[in-house]
Number of protein chains: 2
Amino acid sequence: MYNKPKHRMTQQRSVILEEVRRDTDQHLTADEIYERVRKQLPRISLGTVYRNLEVLVELDEIQKLELSGSISRFDGNPKGHYHIRCMRCGRVDNAPVAPMQKLEDELYGSTVYTIIGHRLEFTGLCPKCSKTQEAETTIV
Amino acid sequence: MYNKPKHRMTQQRSVILEEVRRDTDQHLTADEIYERVRKQLPRISLGTVYRNLEVLVELDEIQKLELSGSISRFDGNPKGHYHIRCMRCGRVDNAPVAPMQKLEDELYGSTVYTIIGHRLEFTGLCPKCSKTQEAETTIV
DNA sequence: GTCTCTGCAAAGCATTTGCAACTGC
DNA sequence: GCAGTTGCAAATGCTTTGCAGAGAC
């Protein structure tokens, strides 16, 4: 039968975890994490960052956000919560809304799927981009 | 000042639209659309498919689904509705739940973002994968 | 000592883009 | 006629992977 690999706490893994958790509001991309970790471990490779982020998600230490757009972001808070993403610059912040079990209840019984969870993402413009938007409204 | 390009209805564009709309429950990937369109227009290129899907989204004829996972899917129904995705095989179906304006209202006032919309996606296991799952539960 | 992890570089894969020829309108 | 569009191929950008040596336990 199959045996789960036993994960080790390497220096790389611990620094990566530390960086992702430094400010849970940040929602960094793998590349941003790489740049930050590099200040402490200059020889680390991007591949190692990706591999460790994957492991940390598996260990439920962090959360991977697969929002619209192609780049994954990582959240130092592994608990379920929602996000709001700026459609213009891609910035991601937490949405101050409590998790809603109701949503899944509403679907229950009307689908042939076994429901496991839901993902709710708000879209909008961050304050900075709202301003830019106004200035450009004259176009078209 | 800037002038919007005037789109033309080319043979390629019309066949692509036809295919995406053929069965609005399908949620095809760009590659799947390419394969289908190729039966009618064997010389079409994948790049053309991508470019046209982009234009059709812009014209609000179809909708681009950027769900979890890296592959975009296209929906022949441009109206807002929700989806349920199988976590195992990636299949996407419509979730029979009415659009909820409430969700945005709940966030209103408690964020500095200008809210534009929301995206709700359910995750679960499709009937086929539910079965496989059961059979494998003994592992670990 | 063993089995996981690392750095490096190359590969993978969805998507985008430059370009010259073509075609709706 | 001419701006928008096409096919082709190369490029892009994020992410994954193969490998041999290094390191955790």
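Values reported hereafter were calculated over all heavy atoms of this structure, with side chains retained and with hydrogens, waters and symmetry mates removed. Within every chain, numbering begins at 1; the chains are lettered A, B, ... in the order of the sequence lines, protein sequences first and strands thereafter.
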> With Arg91(A), which residues qualify under side chain to side chain donor-acceptor pair (under 3.5 Å), at least two apart?
Replying inline: Asp93(A)
> Is any NZ, NE, NH1 or NH2 atom of the basic residue among Arg22(A) and Glu18(A) found under 4.0 Å from an Asp or Glu carboxylate oxygen of the other?
Replying inline: yes
>> Distance check needed: dT6(D) C1' versus Leu53(B) CG, whole Å only.
In response: 15 Å
> Side chains of Leu28(B) and Arg36(B): closer than 4.5 Å at any heavy-atom pair?
Replying inline: yes
>> Leu103(B) vs Leu120(A), test: side chain to side chain contact (heavy atoms under 4.5 Å, CB included). Steps then yes/no.
In response: CA-CA 9 Å; Leu103(B) 300 176; Leu120(A) 171 58; 4.0 Å; yes
> Whole-Å distance between dT4(C) P and Leu59(A) CG?
Replying inline: 14 Å
> Does Tyr113(A) reach the main-chain N or O of Ala95(B) with its side chain, forming a donor-acceptor pair under 3.5 Å?
Replying inline: no
> Roughly how many Å is it from CE in Met9(A) to P in dT6(C), rounded to a whole number?
Replying inline: 10 Å
>> Please determine whether a side-chain nitrogen or oxygen atom of Thr10(A) lies at a distance below 4.0 Å from atom OP1 or OP2 of dT4(C).
In response: no
> Which of the following nucleotides, dA14(C), dC25(D), dT16(C), is nearest to the side chain of Arg8(A)?
Replying inline: dC25(D)
>> Between Leu107(A) and Glu104(A), is there a side-chain heavy-atom distance shorter than 4.5 Å?
In response: no
> Parallel, tilted or perpendicular: which fits the ring planes of His83(B) and His27(B), with parallel below 30° and perpendicular above 60°?
Replying inline: perpendicular
> Is the shortest side-chain N/O distance from Ser72(A) to OP1 or OP2 of dT15(D) below 4.0 Å?
Replying inline: yes
> Using the C1' atoms of five pairs at each end, what's the angle between the two axes of the helix from dG1(C)-dC25(D) to dC25(C)-dG1(D), to 10 degrees?
Replying inline: 40°
>> Using a 4.0 Å cut-off on heavy atoms, which residues in residues 43-52 of chain A reach DNA chain C? List them by number, or say none.
In response: Arg43(A), Ile44(A), Ser45(A), Thr48(A), Arg51(A), Asn52(A)
> Would you say Gln12(B)'s side chain and Val49(B)'s backbone share a donor-acceptor pair under 3.5 angstrom?
Replying inline: no
> Could you state the CZ-P distance from Phe74(B) to dA14(C), rounded to the nearest angstrom?
Replying inline: 13 Å
>> Output the rounded distance in Å from NZ (Lys6(B)) to C1' (dT23(C)).
In response: 17 Å
> For Glu54(A) and dT6(C), what is the distance between atoms CD and C1' respectively, to the nearest whole Å?
Replying inline: 17 Å
> Is the distance from OP1 or OP2 of dT4(C) to the nearest side-chain N or O of His7(A) less than 4.0 Å?
Replying inline: no
> What is the distance, rounded to the nearest whole Å, between atom CG of Leu56(A) and atom P of dT4(C)?
Replying inline: 17 Å
>> Short of 4.0 Å, heavy atom to strand atom, which residues of residues 11-42 of chain A count as contacting DNA chain C?
In response: Gln12(A), Arg13(A)
>> Can you classify the ring geometry of Tyr82(A) versus Phe122(A) as parallel (below 30°), tilted (30 to 60°) or perpendicular (above 60°)?
In response: perpendicular
>> If hydrophobic residues (ILVMFWY) are linked whenever their side-chain heavy atoms come closer than 4.5 Å, directly or via other members, who joins Ile71(B) in its cluster?
In response: none
> Sequence neighbours excluded, which residues qualify as side chain to side chain donor-acceptor pair (under 3.5 Å) partners of Thr114(B)?
Replying inline: Ser130(A)
